[in-house]
Amino acid sequence: QVQLVESGGGLVQAGGSLRLSCTASGLTFSTYSMGWFRQAPGKERDFAAAISWSTGNTYYLDSVKGRFTVSRDNAKNTVHLQMNNLKPEDTAVYFCAASPRSSYITSRYGYDYWGQGTQVTVSS
């Protein structure tokens, strides 16, 4: 059974930083691309960042480029999302997701497995 467990969310002031982690089990982590999505109240779940399993290439939503960094540790079955210079508009529940694909990983429809999410709240 595949499980993705996120951690690291919380409340932070604008301009602050948080580091989210997602640990996977039940799958061969090194052969899965990993993505981070976020969902604000009343809005759809949107792509934030992803890292390809095959190339290590990273992809970002335009509004988080230069502030967020996605990385992975295959030895620990973990993907991280370092978030710096956080803004109130970054407030959302953040979900990690796993995809066996190396392309189509900026769309939520490209992912097979999802975590339960972790809340990130940025105060102004």
Side-chain angles (χ1 to χ4, degrees):
Q1 181 180 359
V2 175
Q3 282 192 312
L4 303 177
V5 179
E6 302 97 336
S7 61
L11 173 64
V12 64
Q13 288 187 331
S17 299
L18 284 174
R19 188 191 195 208
L20 305 184
S21 298
C22 171
T23 300
S25 60
L27 51 74
T28 305
F29 184 78
S30 62
T31 64
Y32 277 76
S33 297
M34 299 300 295
W36 287 95
F37 291 75
R38 63 187 188 181
Q39 188 168 17
K43 296 189 176 181
E44 293 191 348
R45 191 172 299 187
D46 291 331
F47 169 76
I51 183 166
S52 169
W53 72 265
S54 60
T55 62
N57 288 346
T58 55
Y59 305 87
Y60 298 96
L61 179 69
D62 282 348
S63 62
V64 309
K65 284 180 181 176
R67 301 189 297 121
F68 289 14
T69 302
V70 59
S71 62
R72 64 189 298 155
D73 184 343
N74 288 341
K76 296 183 178 180
N77 286 8
T78 299
V79 61
H80 300 289
L81 184 67
Q82 178 67 44
M83 306 186 294
N84 298 328
N85 190 23
L86 282 160
K87 303 177 180 181
E89 51 264 40
D90 295 318
T91 295
V93 177
Y94 283 70
F95 299 87
C96 76
S99 170
R101 304 164 188 83
S102 58
S103 60
Y104 197 50
I105 59 174
T106 60
S107 168
R108 59 182 177 174
Y109 301 107
Y111 289 83
D112 293 358
Y113 304 106
W114 292 85
Q116 292 299 306
T118 185
Q119 176 71 47
V120 170
T121 303
V122 184
S123 63
S124 57

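Keep in mind the model is a prediction, meaning the values are calculated, not measured.
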Checklist entry - Which other residues belong to the hydrophobic cluster containing W53, where Ile, Leu, Val, Met, Phe, Trp and Tyr are joined when side-chain heavy atoms lie under 4.5 Å apart, directly or via other members? => result none
Item to check | Smallest separation among heavy atoms of R101 and G110, with atom names | outcome: NH1-O, 2.6 Å
Checklist entry - If you draw the axis of the six-membered ring of F29, does the NZ or CZ of R72 fall within 45° of it and under 6.0 Å from the ring centre? => result yes
Item to check | E89 atom CD: more than 12 heavy-atom contacts under 6.0 Å | outcome: yes
Checklist entry - Where does the angle between the aromatic ring planes of W114 and F95 fall among parallel (under 30°), tilted (30 to 60°) and perpendicular (over 60°)? => result perpendicular
Next on the checklist: Is there a side-chain contact between S52 and I105 in this structure, where contact means two heavy atoms from C-beta onward sitting under 4.5 Å apart?
Outcome noted: yes
Item to check | Heavy-atom pair with the smallest gap, counting every atom of A98 and L27 | outcome: CB-CD2, 4.1 Å
Next on the checklist: Using the rule that Ile, Leu, Val, Met, Phe, Trp and Tyr join whenever any side-chain heavy atoms are under 4.5 Å apart, tell me whether V5 and V93 fall into a single cluster.
Outcome noted: no
Checklist entry - Given side chains that start at C-beta, do those of Y104 and S99 come closer than 4.5 Å, heavy atoms only? => result no
Checklist entry - Does the side chain of M83 reach to within under 4.5 Å of the side chain of L20, using non-hydrogen atoms? => result yes
Checklist entry - Got a second to check how far D62's CG is from F47's CZ, nearest 0.5 Å? => result 10.0 Å
Item to check | Nearest heavy-atom neighbours spanning A50 and V70 | outcome: O-CG1, 3.5 Å
Item to check | Side-chain donor-acceptor pair present, T78, T23, cut-off under 3.5 Å | outcome: yes
Checklist entry - Taking the side chain from T91 and the backbone from V122, do they hold a donor-acceptor pair closer than 3.5 Å? => result yes
Checklist entry - CH2/W36 to CG/L61 distance, rounded to the nearest 0.5 angstrom? => result 15.5 Å
Checklist entry - Measuring from Q39:CD to Q119:CD, what's the distance to the nearest 0.5 Å? => result 10.5 Å
Next on the checklist: Just checking F37 against Y111, ring centres under 6.0 Å apart?
Outcome noted: yes
Checklist outcome for this item: So OG of S107 and CG of D46: to nearest 0.5 Å the spacing works out to 10.5 Å
Hey, can you pull the donor-acceptor pairs under 3.5 Å for the side chains in residues 8-19, sequence neighbours left out?
from	atom 1	to	atom 2	distance (Å)
S17	OG	N84	OD1	3.0
R19	NH2	H80	NE2	3.4

Next on the checklist: Quick check for you: to the nearest 0.5 Å, what is the distance between L81 atom CG and T69 atom OG1?
Outcome noted: 8.0 Å
Item to check | Residues which pass salt bridge (Lys or Arg N to Asp or Glu O under 4.0 Å) with R38, listed by chain and number, not counting sequence neighbours | outcome: D90
Item to check | Distance in Å, S21 OG paired with D73 CG, rounded so as to fall on 0.5 Å steps | outcome: 10.0 Å
